[in-house]
Colleague: 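First, the structure itself, so that you have it in front of you.
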Amino acid sequence: MISRLSPLAAFICLTTTSVAFAEEGTSSKLEETFIYGEQGKTDAATKLELSIFETPQTVTAVSRAQLDEFALTSISDVLNYAPGITVEEVETNRTYYTARGFDIVNFQYDGVGIPFISGLNLGQQDTAIYEKVEIVKGSAGLITGLANPSATINYVRKRPTDDLQASAALSLGQWQSKRAEVDVATALSDSVRARAVVAYDNGETHLDRNENTTQLGYGILEFDLSDNTMLTAGYSYDRNESKGVLWGALPLLYTDGSPTNYDVSTSTAPEWTFANTTQKQSFAELEHHINQNWTAHLHLTHNQSTYDSNLFYVYGTPERGTEIGLYGSASGYERDEEQLNVDLFVSGDFSLFERNHQLVLGYSDSDTNLAEASHYNNTVIPDGFLVLDADWAKGDTPAMDFPDHDPATSSTDIDLSQKAFYVAARLNVLDNLALLLGARNTELEQSGVSYGGESNASANKTVPYFGVTYELIDSLMLYSSYSEVFKQQTWVNSELQPLGATVGASSELGLKKSFNDERSVLTLAAFSSEQSDFGVFVDRNESGIAIYRTAELSSSGYELEFSGEVTDGLNIGAGLTVLDIKEDDEDARPFIPTQLLKFSASYILPSLPDLKIGSSVKWQNETTTSNGSYTQDAFTLLDIAAHYQINAQLSVSLNLENLGNEKYLNSLYWSQAYFGEPRNMSATVRWKL
């Protein structure tokens, strides 16, 4: 195991070198296309228009330049790249994201919070429609409705432009993968602008029998109804079809206790298994400038998502040498979720005691319906399982239909309603001292059933938010923030009663140093959080219902991040996280790395200005399954990228991932796991008008 000082020492060397570069001189022009991170304002943390430097929390922004440079075509790719985030790929199409020790359950689109029920991400969301992805660490319940001490992910969509812009890209990669993208934006008249994005992605993967296809479409229109009023309307369609998908993963141990260590391509999934995910989102925004200082905003969002699958689950412990001892269970699983969200708020400036301040007042209303069903074939599998032979890895279990379904015990039907009033203010007490005060009152009503148990619950909670920023000297900021934690849970206990809400508190204290006119920011943060009545998975009962218990959990640690343009042609994005998670003073959630280092950089060679080279490194310390039966050693992943600008319109890129061909498991979140991608390569040709 690498010592705790190793990643810290490496990070300090890298970031202090970066700071030295930045202090020597700054770029005279801003080329946004090549700059890492956030160069403008963000409302992802507080709904106030603040820069990352002004926001009293750790904020990471992954720009379009980084998405393209490192071929981050899915949200899982982005979060695997982002500092402080772990992507727990427990199966090929079901993923958990974590930050600061807890699952990420807060998501936004363009700064508007979207309720997220389960914490489990289905499918592979494509990134072609996003201009950037922002990550706010810690609790941001002021604008998401459900405060959680992990992080909030804000997806910032591409917008129309006044001038004609067009681009197209074609990528080819390992395992017969191919991808095409087209992006066009233009003004249709003096008062109407439009943008359209389409993408197609298809290919096999490193896993036997696994293949994925993505079809993406996005359109957005902006209408200037008057000099002071703009209407925006948009629609996105993201369809992901996967064959040969995992339900569960590989056994980690043999009966003698030794590790299995299969080939990286090994899969338990027969070829007939599939998982299809469709996400449709319609949205409309009305923005009206009341006067020079105040603006009214209305956001309407309608989301529909469906998940349809035929799955095969393999479990048990095999014998070394014979591979005998595994069992199989099959199911058809479907999930439908529909959601309507309304967000209405006014924002602006006001004067008090001869100083200008900012204020936001708003109301949000969200209604969600979730329906799930599991189907079986009790004729083919009368006892609920099949005994597998030694050749189980061939995935040759015959295909089957799933006609049997008991709505009383194999269905979920939940209605969730959330209504909230919120207020946030930035009070500029002194020229270098600002207070951020806010609160959000959320009323939650949940009704329905889930796999034989009632899921009725209600809650009414006001979550306060406090923040302070103090600029010690020019470009050096001391800050702190505090928010209470509140999140309703759909889990049930052994009596099939809802666990209720988890509550607690989250705080952060840190320093921020900006360079290069805030084109790069260095953040050092210490954080802590505690949660009571936190749902922890125990087992499944005789009916297959997941049973949870409540626990008292705490998380603390520190993060060091640097992101942005260091000097002309050199961009760096880096982060070190050191974490401690406890349950009643004992280590908890050991599948999450307690030390995580991520570093990426790109550089345009002065002697070859058309060539840009980049590299991305990820290191994490050892992790262990929750039951302590299996430990994965620390490992390092290295990616490199090269981009060559042939002429003003045409460029080519080459990406090499996992250059060292490291063999590693994607996650130990469960007691089963599968291996990550070995060394692979892709090439892209990109054209821009």
Side-chain angles (χ1 to χ4, degrees), residues 27-37 39-40 62-74 77-78 126-133 156-173 177-189 192-203 214-222 519 565 567-571 600-616 639-657 681-689:
S27 172
S28 60
K29 63 179 181 177
L30 175 64
E31 297 184 32
E32 291 188 31
T33 304
F34 301 115
I35 292 181
Y36 283 11
Q39 306 309 314
V62 182
S63 65
R64 188 70 241 177
Q66 292 159 287
L67 299 180
D68 290 338
E69 191 165 303
F70 292 100
L72 309 177
T73 58
S74 74
D77 291 338
V78 176
D126 201 276
T127 62
I129 69 175
Y130 301 123
E131 196 61 47
K132 61 184 175 182
V133 178
V156 181
R157 301 181 185 97
K158 291 179 176 178
R159 297 283 171 160
T161 59
D162 291 320
D163 301 323
L164 174 62
Q165 296 184 12
S167 66
L170 177 64
S171 302
L172 299 175
S177 64
K178 47 194 175 293
R179 178 181 176 87
E181 293 181 30
V182 177
D183 182 355
V184 180
T186 188
L188 302 180
S189 69
V192 181
R193 297 166 298 280
R195 188 163 191 167
V197 178
V198 294
Y200 176 83
D201 197 320
N202 170 260
T214 294
Q215 302 171 68
L216 176 72
Y218 169 68
I220 183 171
L221 291 167
E222 289 180 347
R519 293 181 202 173
E565 183 188 56
T567 187
D568 279 345
L570 175 61
N571 281 272
S600 66
S602 71
Y603 185 55
I604 299 175
L605 300 175
S607 58
L608 293 171
D610 295 323
L611 177 63
K612 179 169 61 172
I613 57 175
S615 179
S616 175
D639 301 339
I640 61 173
H643 175 93
Y644 185 74
Q645 197 71 34
I646 298 173
N647 55 42
Q649 287 77 39
L650 196 63
S651 65
V652 293
S653 301
L654 183 68
N655 290 86
L656 290 172
E657 297 181 345
M681 179 178 65
S682 64
T684 302
V685 178
R686 191 176 299 275
W687 171 86
K688 283 191 175 183
L689 182 63

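Keep in mind that what you see is a predicted model, and the values were worked out from it rather than measured. We number each residue from 1, following the sequence as shown.
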Colleague: With Asp162, which residues qualify under side chain to side chain donor-acceptor pair (under 3.5 Å), at least two apart?
Modeller: none
Colleague: Apply salt bridge (charged side-chain N to carboxylate O under 4.0 Å, His left out) to Glu657 and list each qualifying residue two or more places apart in sequence or on a separate chain.
Modeller: none
Colleague: According to side chain to side chain donor-acceptor pair (under 3.5 Å), who are the partners of Ser682, at least two apart in sequence or on a separate chain?
Modeller: none
Colleague: If you round to the nearest 0.5 Å, how far is NZ of Lys132 from CG of Leu67?
Modeller: 11.5 Å
Colleague: To check you understand the geometry: which heavy-atom pair defines the closest contact between Ala601 and Glu69, and what is its length?
Modeller: O-OE2, 4.3 Å
Colleague: With sequence neighbours excluded, what pairs up with Ala641 under the side chain to side chain contact (heavy atoms under 4.5 Å, CB included) test?
Modeller: Phe70, Asn655
Colleague: What pairs with Asp183 under side chain to side chain donor-acceptor pair (under 3.5 Å), at least two apart in sequence or on another chain?
Modeller: Lys158, Arg195
Colleague: Quick one, Leu689 and Val184 - any side-chain contact, counting heavy atoms below 4.5 Å?
Modeller: no
Colleague: Would you check, one step at a time, whether the test side chain to side chain contact (heavy atoms under 4.5 Å, CB included) holds for Thr127 with Val78?
Modeller: CA-CA 9 Å; Thr127 62; Val78 176; 3.8 Å; yes
Colleague: Just by distance, no angles: are the side chains of Ser600 and Ser616 close enough, under 3.5 Å, to form a donor-acceptor pair?
Modeller: no
Colleague: Restricting to non-hydrogen atoms, name the atom on Val197 and the atom on Ala128 that form the minimum distance, rounded to 0.1 Å.
Modeller: CG1-O, 3.7 Å
Colleague: Please name all residues satisfying side chain to side chain donor-acceptor pair (under 3.5 Å) with Ser74, sequence neighbours left out, ordered by chain then number.
Modeller: Asp77
Colleague: Between atom CZ of Arg159 and atom CD of Glu222, what is the distance when rounded to the nearest 0.5 Å?
Modeller: 6.5 Å
Colleague: Could you work out, with side chain to side chain contact (heavy atoms under 4.5 Å, CB included) as the rule, every residue matching Asn647, not counting sequence neighbours?
Modeller: Gln649, Leu650
Colleague: Checking Ile129 against Ile220 for the side chain to side chain contact (heavy atoms under 4.5 Å, CB included) test, could you report, in this order, the C-alpha distance in whole Å, the side-chain angles of both residues, the deciding distance, and whether it holds?
Modeller: CA-CA 10 Å; Ile129 69 175; Ile220 183 171; over 6 Å; no
Colleague: Which residues pass the salt bridge (charged side-chain N to carboxylate O under 4.0 Å, His left out) test with Asp68, sequence neighbours left out?
Modeller: Arg64, Arg686
Colleague: For Lys612, is there any backbone N or O sitting under 3.5 Å from a side-chain donor or acceptor partner on Ser602?
Modeller: no
Colleague: Of all heavy-atom pairs between Ser651 and His643, which one has the smallest distance, and what is that distance?
Modeller: OG-CE1, 3.3 Å
Colleague: Suppose we screen for side chain to side chain contact (heavy atoms under 4.5 Å, CB included). Which residues come up paired with Leu656, at least two apart in sequence or across chains?
Modeller: Ile640, Leu659, Met681
Colleague: Within the structure provided, determine whether Gln645 and Ile604 are in side-chain contact (heavy-atom separation under 4.5 Å).
Modeller: no
Colleague: Step by step, work out the side chain to side chain contact (heavy atoms under 4.5 Å, CB included) result for Val198 and Tyr200.
Modeller: CA-CA 7 Å; Val198 294; Tyr200 176 83; over 6 Å; no
Colleague: Mind checking what makes side chain to side chain contact (heavy atoms under 4.5 Å, CB included) contact with Ala168, not counting sequence neighbours?
Modeller: Val182, Trp687
